2 protein chains.
Amino acid sequence: MVLEMDHVETILGQWKKQRPDLDCSPMGVIGRVGRARQLMTNKLDDVYKRYELSSIEFDILASLRRLGEAVTPTELYQTLMLSSGAMSTRVDGLVKRGLVERQASEIDRRSCLVTLTTEGLALIDKVVEAHVANEHQMLLALTEEEQAQLAMLLKKWLVANE
Amino acid sequence: MVLEMDHVETILGQWKKQRPDLDCSPMGVIGRVGRARQLMTNKLDDVYKRYELSSIEFDILASLRRLGEAVTPTELYQTLMLSSGAMSTRVDGLVKRGLVERQASEIDRRSCLVTLTTEGLALIDKVVEAHVANEHQMLLALTEEEQAQLAMLLKKWLVANE
DNA sequence: TATTGTTATACTCTATAACTATA
DNA sequence: TATAGTTATAGAGTATAACAATA
């Protein structure tokens, strides 16, 4: 059996030596979630950049696509945890590129609905396919069963903490 | 048995409805790693802020502490994945607060060693204790065995991908 | 010539709050 | 008065590259 170490294992060993009184075992989980996230984010960004999208732009377009309906800027910034001002700026950029449109609301004239244009829909459908293929590729180091187990454990933590 | 949903489960359902042709199962893993990371980061930041440290400042002080020896700015920015300029700025801030010092290197006069001051050492020891206690608290939703399993699965992925 | 580390510059992204229009 | 959304401002953080000193 091969006993390979990862970066967090090294860090745990260093703490063990310098502060043997501390039980740093939770770093084995939390540190690895952080490090995995960082590496995963880099790989996800590779695909976004191929289509000249930032991570947030992808999230906006993907939200509109998977919800299957137009949503207000307020719903968008609350869902994606951005300020209203930041969302306005992001939507502006997508409007300028012809990927989304703002439609006046018929029931509340203060409000508007952000919708995908034909070009935006075609783009996000293409990007999501590349995105999902990329994600499949990223998980090849784990068996289907391990992936399911990992998802299940993270879900249990999230149900208790989100 | 309780079947609670998390946020990612909702998103998976939306994709299933809008794009039933796509196998989005990897989102169950990658999406949850990202979401868990975000929630964990917020909770970790609570402790850092209590001691008026940013996440990066904590990382610098903790690196010095667990390595148990002085390191060069170059080692620091490579380990923490920052640019050299950004590290200079961060170290400056910690020097101004009396938490670290720059010592001239005796073997290479271009270089220096960053060391914890007495105050810096006392501070990081206190913060790390609060940090580890915080991390223990954050994982209470999982049993010891589940935590170990989660760490093991993430480690397997990291060994193959980092 | 190459490398270490600092400094100066410019850029990206953001939150905040002021603001307009409407409810 | 409160809310939806935009705009203007200012701040945090960064990378980049120019720079000085040394290898």
Side-chain angles (χ1 to χ4, degrees), chain A residues 34 37-38 41-42 44-46 48-49 51-61 63-64 67 69-97 99-115, chain B residues 34 37-38 41-42 44-46 48-49 51-61 63-64 67 69-97 99-115:
Chain A
R37 168 62 178 171
Q38 185 154 27
T41 297
N42 290 343
L44 296 179
D45 283 344
D46 290 342
Y48 304 154
K49 278 175 194 153
Y51 296 92
E52 295 182 344
L53 292 174
S54 70
S55 164
I56 289 175
E57 287 169 334
F58 172 83
D59 284 342
I60 295 173
L61 297 178
S63 294
L64 294 171
L67 291 170
E69 58 182 15
V71 295
T72 62
T74 299
E75 288 171 300
L76 279 177
Y77 78 69
Q78 286 173 351
T79 303
L80 300 179
M81 294 194 278
L82 275 184
S83 66
S84 59
M87 184 54 69
S88 278
T89 307
R90 294 297 119 204
V91 171
D92 277 351
L94 293 172
V95 168
K96 270 179 198 148
R97 292 165 61 182
L99 300 174
V100 305
E101 282 173 347
R102 288 185 175 95
Q103 294 181 347
S105 165
E106 296 178 358
I107 44 175
D108 184 341
R109 284 199 294 175
R110 294 170 304 182
S111 186
C112 66
L113 289 172
V114 181
T115 63
Chain B
R37 168 61 178 174
Q38 185 156 26
T41 296
N42 289 344
L44 295 179
D45 283 343
D46 290 343
Y48 304 154
K49 278 176 194 151
Y51 295 92
E52 295 181 344
L53 293 173
S54 70
S55 164
I56 289 175
E57 287 169 335
F58 172 83
D59 284 342
I60 295 173
L61 297 178
S63 294
L64 294 171
L67 291 170
E69 58 183 14
V71 294
T72 63
T74 299
E75 287 172 301
L76 279 177
Y77 78 69
Q78 286 173 351
T79 303
L80 300 178
M81 294 194 279
L82 275 183
S83 67
S84 59
M87 185 53 70
S88 276
T89 307
R90 293 298 119 205
V91 171
D92 276 351
L94 293 172
V95 167
K96 269 179 198 146
R97 291 165 64 182
L99 300 174
V100 305
E101 282 173 347
R102 288 185 175 97
Q103 292 182 348
S105 164
E106 296 179 358
I107 43 175
D108 184 340
R109 284 199 293 175
R110 293 170 304 182
S111 185
C112 67
L113 290 171
V114 182
T115 62

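All chains are named by letter (A, B, ...) in the order of the sequence lines, taking the proteins before the strands, and each is independently numbered beginning at 1. Worth saying up front: this structure is predicted, and the values here are computed from it rather than measured. What's counted below: heavy atoms across the whole structure, side chains too, no hydrogens, waters or symmetry copies.
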Subject >> Value in whole Å for how far the C1' atom of D:dG13 lies from CD1 of B:I56 >> reply: 8 Å
Subject >> From B:E69, B:R102, B:Q103, residue fulfilling side-chain contact (heavy atoms from CB on, under 4.5 Å) relative to B:T115 >> reply: B:Q103
**OP:** In whole angstrom, give the distance that lies between atom CG of B:D59 and atom P of D:dT14.
**Re:** 11 Å
Subject >> Integer-rounded Å distance: D:dA4 C1' and A:E106 CD >> reply: 17 Å
Subject >> B:P73 to B:C112 - nearest heavy-atom pair and separation >> reply: CD-O, 3.5 Å
**OP:** Using whole Å, report how far CG of A:L94 lies from P of D:dT6.
**Re:** 12 Å
Original post:
Are A:L44 and A:S55 side-chain neighbours, meaning at least one heavy-atom pair lies under 4.5 Å?
Top reply: no
Subject >> Nucleic acid footprint by protein, nucleotides 15-23 of chain D - heavy-atom cut-off 4.0 Å, B for base, S for sugar-phosphate alone >> reply: BB----BBS
Subject >> Residue pair B:L53 / B:R97, side-chain heavy-atom distance below 4.5 Å >> reply: yes
Subject >> B:Y48 side, atom OH; B:I56 side, atom CD1 - distance, nearest 0.5 Å >> reply: 11.0 Å
**OP:** Among the candidates C:dT4, D:dT6, D:dA4, find the nucleotide nearest to the side-chain atoms of A:C112.
**Re:** D:dT6
**OP:** Verify the contact: side-chain N or O of B:S111 to OP1 or OP2 of C:dT4, cut-off strictly under 4.0 Å; return yes or no.
**Re:** no
Original post:
Atom OH of A:Y77 and atom OG1 of A:T72: how far apart are they, to the nearest 0.5 Å?
Top reply: 8.5 Å
Original post:
When the distance from CD of A:Q78 to P of C:dA15 is rounded to whole Å, what number comes out?
Top reply: 13 Å
Original post:
How is B:T72 classified with respect to the nucleic acid when contacts are heavy atoms under 4.0 Å: base, sugar-phosphate, or nothing?
Top reply: sugar-phosphate
Original post:
When the nearest nucleotide of DNA chain D is assigned to A:E75 and to B:R90 on a heavy-atom basis, which residue is associated with the more 5' position?
Top reply: A:E75
**OP:** With side chain to side chain contact (heavy atoms under 4.5 Å, CB included) as the test, would you mind laying out the steps for A:L113 and A:V71 before giving the verdict?
**Re:** CA-CA 5 Å; A:L113 289 172; A:V71 295; 5.7 Å; no
**OP:** Look up atom CG in B:L67 and atom OG1 in B:T79, then write down how far apart they are to the nearest 0.5 Å.
**Re:** 7.5 Å
Original post:
Could you state the CG-C1' distance from B:D92 to D:dT14, rounded to the nearest angstrom?
Top reply: 15 Å
Original post:
Which whole-number value in Å describes the distance from A:M87 CE to D:dT3 C1'?
Top reply: 18 Å
Subject >> Range-with-range stems of DNA chain C (Watson-Crick or G-U pairs under 3.5 Å, three or more in a row) >> reply: C:1-23 with D:1-23
Report all side-chain donor-acceptor pairs from residues 80-91 of chain A shorter than 3.5 Å, counting only partners two or more places apart or in another chain.
from, atom 1, to, atom 2, distance (Å)
A:S83, OG, A:A86, N, 3.1
A:T89, OG1, A:G85, O, 3.1

Subject >> Rounded distance (Å) that lies between atom C1' of D:dG13 and atom CG of B:D45 >> reply: 14 Å
